Amino acid sequence: MADGRCFEREHVWHPYASMLDPPECWPVQSADGVRLRLEDGRELIDGMASWWSAIHGYNVPELNAAIKRQTQDMAHVMFGGLSHQPATNLARKLLEITPNSMEHVFFADSGSVAVEIAIKMALQHWQARGERKKTRLLALRHGYHGDTFGAMGVCDPVSGMHHLFSGMLPEHLFADAPPNGTDDDWDEAYISGFQRLMAAHHDEMAAVILEPVVQGAGGMRIYAPEFLRGVRALCDAYGVLLIVDEIATGFGRTGKLFACEHAGISPDIMCVGKALTGGYMTLAAVLTTRTVCGGIHADGNVLMHGPTFMANPLACSVALASIELLLDSPWQENVAAIESRLQRELAPCRAMPQVTDVRVLGAMGVIELNHPVDMALVQPMFVEKGVWIRPFGRLIYIMPPYVIPSDDLSCLTHAMREVVAIQR
Ligand SMILES: Cc1ncc(COP(=O)(O)O)c(C=O)c1O
């Protein structure tokens, strides 16, 4: 095992990490329920749901069975010229549960690729209709949409990766995101910058892209649904498509099945991923309306995308099983119970001088500090406390599986409070 550990440190890359001086990594042997079992026998309560995806926890009998069943029929077949029930059934289910205007589904292999496809749909829609000037996107500061080139181009231009690839990313437009808050503290001024950009640039704009209500990896920010309603109205008024990136927020995380339901709006293009398969396999989907689909085909062209593993049957089967498991569960009550426990148990941190904000929505709790977290120090501390919580920047946050028992959730919030208390 020691040899394996050495080999991994020297040869295996981890996300956003140095390969020359790799940070510590904890090998996981298995995972069950809300617990990750490490190779050294320790168990950690999972606060991250494997980056928003494992909403039912791990080793879920219904999901295991779906994969096993599907393996007996076929693990994969190409989607060009062939089709299969797992894809058809999943598409039907997705159209049932997403806003009514969604009519067509394109399967992608990850969230970032879904964003690429959504952008391509918007661009092809206008190009095919002869609107050749409409090539830019309007995104929000603090936004995060993935790590591929098209997606990086619409991530926050400062905290994102623009500085590493300047001159190589498309030149899009960025509006200020609204501040953290709810409809109760909404002020029309919060959308005025966005409105000005729309007024000035709509004729060259193909689409607006944003994360609805929660901006995830760009700062774990939670903003008023009223902003979304305003954006929808402006997109309609100026003839600009609205792409809603529900990759992190989808499938119940914010207390609604999809976050755009908080605002009662319907997008033109919608991306889902992450929790789509309950964290079992990589799969994403891009949904769109009859109008956008018609636009794409207006000049006789077709959507120019076709990944090798498009609509992988194993992934589609487990996704359908995960959605059914979610819808058959009391997920709203579970998420609401997590929300009120997080509100209650994180509230004391508000009084700490090193804390600038505490934010909770659905099954997501965030403590923002006034300085960046020292990961080399804090990460092993959480492991010592028997929890898996992975901070970034100034944020210590959790988004646990919805099935987390209340005492396990309290262990997570207790560890958060203890670690925050010693941050000076
Ligand atoms: C809102 C949002 N969009 C897109 C992505 C990219 O998804 P993936 O990591 O599956 O490529 C993420 C991932 O964190 C995300 O949070």
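Just so you know, ligand 1 is whichever comes first in the structure, and atom 1 is the first atom listed for that ligand. Predicted model only: the values in this text are computed from it and were never measured. These values consider heavy atoms only, across backbone and side chains, with no hydrogens, waters or symmetry-generated copies.
- A salt bridge between D156 and R141 is absent, with no side-chain N of the basic residue lying under 4.0 Å from a carboxylate O of the acidic one.
- From the protein, the heavy atom lying nearest to atom 12 (C) of ligand 1 is Y144 CE2, 3.5 Å.
- Ligand 1 has a nitrogen or oxygen under 3.5 angstrom from a nitrogen or oxygen of S112.
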CA sep, side-chain torsions, deciding dist, call: S410, E345, side-chain hydrogen bond (donor to acceptor under 3.5 Å, both in side chains): CA-CA 7 Å; S410 291; E345 295 183 359; 2.9 Å; yes

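- Atom CD of residue E226 and atom CH2 of residue W186 lie 6.0 Å apart, to the nearest 0.5 angstrom.
- To the nearest 0.5 Å, atoms CZ (R196) and CG (L234) are separated by 12.0 Å.
- For ligand 1, the atoms sitting less than 4.0 Å from at least one non-hydrogen atom of G146 are 4 (C), 6 (C), numbered in the order shown with element in parentheses.
- Note that CH2 of W331 is 11.5 Å distant from NE2 of H56, once rounded to the nearest 0.5 Å.
- Of the N or O atoms in G111, one or more lie within a sub-3.5 Å distance of an N or O in ligand 1.
- Backbone and side-chain nitrogen or oxygen atoms of K274 are examined, and one is located within less than 3.5 angstrom of a nitrogen or oxygen of ligand 1.
- The ring of F227 has its center closer than 6.0 angstrom to the ring center of F194.
- The CD atom of E62 sits 4.5 Å away from the CG atom of L325 when rounded to the nearest 0.5 Å.
- Using a 4.0 Å cut-off to heavy atoms of E211, the atoms of ligand 1 that qualify are 1 (C).
- For atom 4 (C) of ligand 1, the closest non-hydrogen atom of the protein is H145 O, 3.2 Å.
- Heavy-atom contacts of A248 reach the following atoms of ligand 1: 16 (O) (cutoff under 4.0 Å).
- Residue contacts with ligand 1 for W51 are absent, since no atom lies close enough (heavy atoms, distance under 4.0 Å).
- What sits closest to atom 2 (C) of ligand 1 on the protein, heavy atoms only, is D245 OD2, 3.4 Å.
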